[in-house]
Amino acid sequence: MTARIMGIVNVTPDSFSDGGRFLDAERAIAHGRELAAEGADVLDVGGESTRPGAEAVPAEEELRRTQPVVHALSSAGFSVSIDTSKVAVAQAALEAGATMVNDVTALRAEPELAGICAQRDCEVVLMHMLGDPRTMQENPVYEDVVDDVKAFLAERIEFALAEGIDEERIWIDPGIGFGKTVEHNLELHRRLGELAELGRPIAFGSSRKSFIGKLTGAEVDQRLGGSIASNVIAYANGASMLRVHDVAPMRQALAVAETILDPSTNWSSPRPA
Ligand code: HH2
């Protein structure tokens, strides 16, 4: 069983560029094309940072950032996911050709988003988060992090189904770094397989996240080795979609990991990494 690789395409303003919006979009489109060429199966386009402490972006601004990028990448034939919690942004992206909605609030921020996903019959990622991005890292407490995340996701699956989303379209995600201490993140890696009991495939996003920095001292742009270790372990423990910044090295790591784990994999004709 292989995993899908979701390449991260952030469309955020570059304070060092005086080219304005056009350049931001052009750069994101070029980046998306590069990630697809490196082997990304899905391109996850996002216009709002959800980093701890990040400020919310108004819908109009998020729409302005993401829309040209979703349109260009979908029109070029790539599978596009929209990383948003907002109806206006998701709806426009779906109309422009996106086929997946990746909502870090699991349809809680704007519950009407569920009906839109049902109507468009798109894939939906339901992610766990404790609190919201401004406050989530203050003092996250769980009874048992895996049991609590699992119960939350079970409830969100029920909600999505009640809103008419086809069960086959649903992905679940433990939300690494979203209201979790280092220890919580590690426990979720170790016991990821328990989430598979919910009967839906697991998406996983740990690329360059701060727990890797806390474990190794590495700055955010120096966390490739830690990101690969984390994703390979997630894959071995049941993840079937990996959301990453560095697609080419992750593709290579995954090709080796999956061949080791599954002796029936045909490795005699290597896939270009
Ligand atoms: N993490 C981020 C954003 N979206 N979606 C899913 N399904 N799972 C994740 O773990 C996840 C996500 C983190 O976003 P941010 O901190 O803004 O940075 P980046 O988009 O560069 O990862």
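These numbers come from a predicted model, not from an experiment. Side-chain atoms are counted along with the backbone in the values below, which use heavy atoms only and exclude waters and symmetry mates. All residue numbers in this chain count up from 1 along the given sequence. We count ligands from 1, going down the list as the structure has it; atoms in each ligand are counted the same way.
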Does the side chain of V101 reach to within under 4.5 Å of the side chain of E123, using non-hydrogen atoms?
no
What I'd like to find out is whether the side chain of E167 reaches to under 4.5 Å of the side chain of L161, using heavy atoms alone.
yes
Which residue and non-hydrogen atom of the protein lie closest to atom 2 (C) of ligand 1, and at what distance in Å?
R243 NH1, 3.4 Å
Among all protein heavy atoms, pick the one closest to atom 8 (N) of ligand 1 and tell me residue, atom and distance.
D173 OD2, 2.8 Å
Give a yes/no on ligand 1: does M6 have at least one heavy atom closer than 4.0 angstrom to it?
no
Is F204 close enough to touch ligand 1? Criterion: a residue heavy atom under 4.0 Å from a ligand atom.
no
Does the residue H245 have a heavy-atom contact with ligand 1, meaning some pair of atoms that are separated by less than 4.0 Å?
yes
Using heavy atoms and a threshold below 4.0 Å, how should the contact between K209 and ligand 1 be classified: side chain, backbone, both, or neither?
side chain
Ligand 1 and S206, any nitrogen or oxygen pair closer than 3.5 angstrom?
no
Looking at H71, I'd like to know if its NE2 atom is crowded, meaning that more than 12 non-hydrogen atoms belonging to other residues, nucleotides or ligands lie closer than 6.0 Å.
no
Counting only heavy atoms, tell me which of T50, D103, V244, L242 gets closest to atom 13 (C) of ligand 1.
T50
Does the side chain of L224 reach to within under 4.5 Å of the side chain of P249, using non-hydrogen atoms?
yes
Can you check whether I170 reaches I165 side chain to side chain, under 4.5 Å on heavy atoms?
yes
Per-atom contacts of ligand 1 with N10, taking only distances under 4.0 Å to non-hydrogen atoms:
19 (P), 20 (O), 21 (O)
Using a distance-only test with no angle check, is there a side-chain donor-acceptor pair under 3.5 angstrom linking H128 and K150?
no
Considering distance alone, does some N or O of G205 sit under 3.5 Å from an N or O of ligand 1?
yes
Identify the protein heavy atom lying closest to atom 4 (N) of ligand 1, giving its residue, its atom name and the separation to 0.1 Å.
D83 OD2, 3.0 Å
Run the numbers on D103 and V125 for side chain to side chain contact (heavy atoms under 4.5 Å, CB included), then give the verdict.
CA-CA 6 Å; D103 181 1; V125 183; over 6 Å; no
Please could you name the atoms of ligand 1 that V104 approaches to less than 4.0 Å, counting only its heavy atoms?
4 (N), 5 (N), 12 (C)
Under 4.0 Å from any heavy atom of V125, which atoms of ligand 1 are there?
7 (N)
Is there a ring pair (Phe, Tyr, Trp, His ring centres under 6.0 Å) between H184 and F178? Walk through the geometry before answering.
CA-CA 10 Å; H184 293 143; F178 285 85; over 10 Å; no
Any side-chain heavy atom of Y235 within less than 4.5 Å of one from L261?
yes
Please write down residue, atom name and distance for the protein heavy atom closest to atom 18 (O) of ligand 1.
R51 NH2, 3.4 Å
Does a side-chain heavy-atom distance below 4.5 Å link W171 with V124?
no
With a 4.0 Å heavy-atom cut-off (strictly under), which part of M127 contacts ligand 1: side chain, backbone, both or neither?
side chain
Is there a side-chain contact between N102 and R243, using heavy atoms and a 4.5 Å cut-off?
yes
Quick look: D44 vs ligand 1, heavy-atom contacts under 4.0 Å, and the answer is neither
Going by the 4.0 angstrom heavy-atom rule, the piece of N102 near ligand 1 is side chain
